Amino acid sequence: MAKAKLSDEVKTYIVQALACFDSPSVVAAAVKKEFGVDVSHDPNKKAASGLAPKWKALFGETRKTFLEDTATIAISHRAVRLRALQRMAEKAEIQSNMVLAASLLKQAAEEVGNAYTNRRELTGKDGKDLPVPVSPVTIFQLPDNDRS
């Protein structure tokens, strides 16, 4: 049985999805959903053997861009994460799952408080110096016979 020839649009979609670390099974399901085309893969075959140079180049460019540019990944933005947490917390409350709702609220608070970043404030407010911590002074009382 002869395989149906894939259009360049489908091939481009497949190459780019694989370059973005989607698994072959995830890509096959996405192609079926997006284009209505069944694609199968044999994990025992070398996928790139005999691949045209233009597809190898597209793969390389897409992989490089994907690794360098996290701005295109929605969940990398705080606002997107907070909106998702908002939806989940509302659903948890509706379902009377207060433990989950509380956990999601805590996670949102940590998100807003920069708990999930490696950014650390090295200056005080408005760029001023940090206050110097003052140690409590211990006052020693001398015995009565040592007082002069």
Side-chain angles (χ1 to χ4, degrees), residues 1-140:
M1 182 173 163
K3 288 186 179 181
K5 188 164 172 100
L6 298 175
S7 69
D8 277 357
E9 181 183 16
V10 174
K11 288 178 184 178
T12 299
Y13 184 90
I14 292 169
V15 169
Q16 289 178 328
L18 292 171
C20 293
F21 298 100
D22 288 347
S23 70
S25 57
V26 167
V27 174
V31 169
K32 172 71 173 171
K33 182 179 177 185
E34 189 76 21
F35 300 100
V37 176
D38 280 320
V39 291
S40 62
H41 65 281
D42 182 353
N44 298 320
K45 292 184 178 178
K46 281 187 169 181
S49 64
L51 195 61
K54 84 174 193 177
W55 300 119
K56 287 181 181 180
L58 177 62
F59 181 91
E61 290 170 23
T62 304
R63 173 71 54 96
K64 183 176 184 246
T65 302
F66 178 77
L67 292 174
E68 291 174 353
D69 187 16
T70 59
T72 60
I73 302 171
I75 202 166
S76 70
H77 300 282
R78 179 184 296 167
V80 172
R81 293 189 302 269
L82 287 171
R83 287 185 67 201
L85 287 169
Q86 174 74 35
R87 289 189 304 271
M88 289 185 274
E90 288 171 357
K91 187 173 183 180
E93 279 189 67
I94 289 169
Q95 295 175 344
S96 297
N97 189 343
M98 295 305 149
V99 174
L100 177 59
S103 172
L104 292 166
L105 291 172
K106 180 181 179 209
Q107 186 174 347
E110 290 171 345
E111 180 73 47
V112 173
N114 288 325
Y116 295 116
T117 67
N118 62 358
R119 182 173 181 225
R120 299 291 178 252
E121 191 69 35
L122 299 177
T123 61
K125 186 174 180 175
D126 299 324
K128 296 179 183 170
D129 290 337
L130 288 171
V132 177
V134 178
S135 306
V137 177
T138 306
I139 299 175
F140 293 100

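Note that this is a predicted model, so its numbers are computed, not measured. Values below: all heavy atoms of this structure, side chains included; hydrogens, waters and symmetry mates excluded.
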Working for side chain to side chain contact (heavy atoms under 4.5 Å, CB included), residues L85 and Q107: CA-CA 8 Å; L85 287 169; Q107 186 174 347; 3.8 Å; yes
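- Atom NZ in K11 sits 7.0 Å away from atom NZ in K54 (nearest 0.5 Å).
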Side chain to side chain contact (heavy atoms under 4.5 Å, CB included) between K32 and V39, worked out: CA-CA 7 Å; K32 172 71 173 171; V39 291; over 6 Å; no
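- The minimum heavy-atom distance linking I75 with R81 is given by the pair O-NH1, 2.8 Å.
- Note: M88 CE to S103 OG = 9.5 Å, rounded to the nearest 0.5 Å.
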Full working for side chain to side chain contact (heavy atoms under 4.5 Å, CB included) between W55 and D8: CA-CA 10 Å; W55 300 119; D8 277 357; 3.7 Å; yes
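- When all heavy atoms of A89 and A101 are compared, the pair lying nearest together is O-CB, 4.3 Å.
- Summarising the geometry, atom CD belonging to E111 is positioned 5.5 Å from atom CG belonging to L82; distances are rounded to the nearest 0.5 Å.
- Summarising the geometry, atom CG belonging to L104 is positioned 11.5 Å from atom NZ belonging to K91; distances are rounded to the nearest 0.5 Å.
- Side chains of S7 and V10 form a contact here, defined as non-hydrogen atoms less than 4.5 Å apart.
- Residue I14 holds its CD1 atom at 11.5 Å from CG of D22, rounded to the nearest 0.5 Å.
- With T62 contributing its side chain and A19 its backbone, the two residues share no donor-acceptor pair below 3.5 Å.
- Taking every heavy atom of both residues into account, M98 and E93 meet most closely at CE-O, 3.7 Å.
- V31 approaches V37 most closely through the heavy-atom pair CG1-O, 3.6 Å.
- Aromatic ring pairs are classed by plane angle as parallel below 30°, tilted from 30° to 60° and perpendicular above 60°; the pair F21 and F66 is tilted.
- We find the CZ-SG distance between F59 and C20 to be 9.0 Å, quoted to the nearest 0.5 Å.
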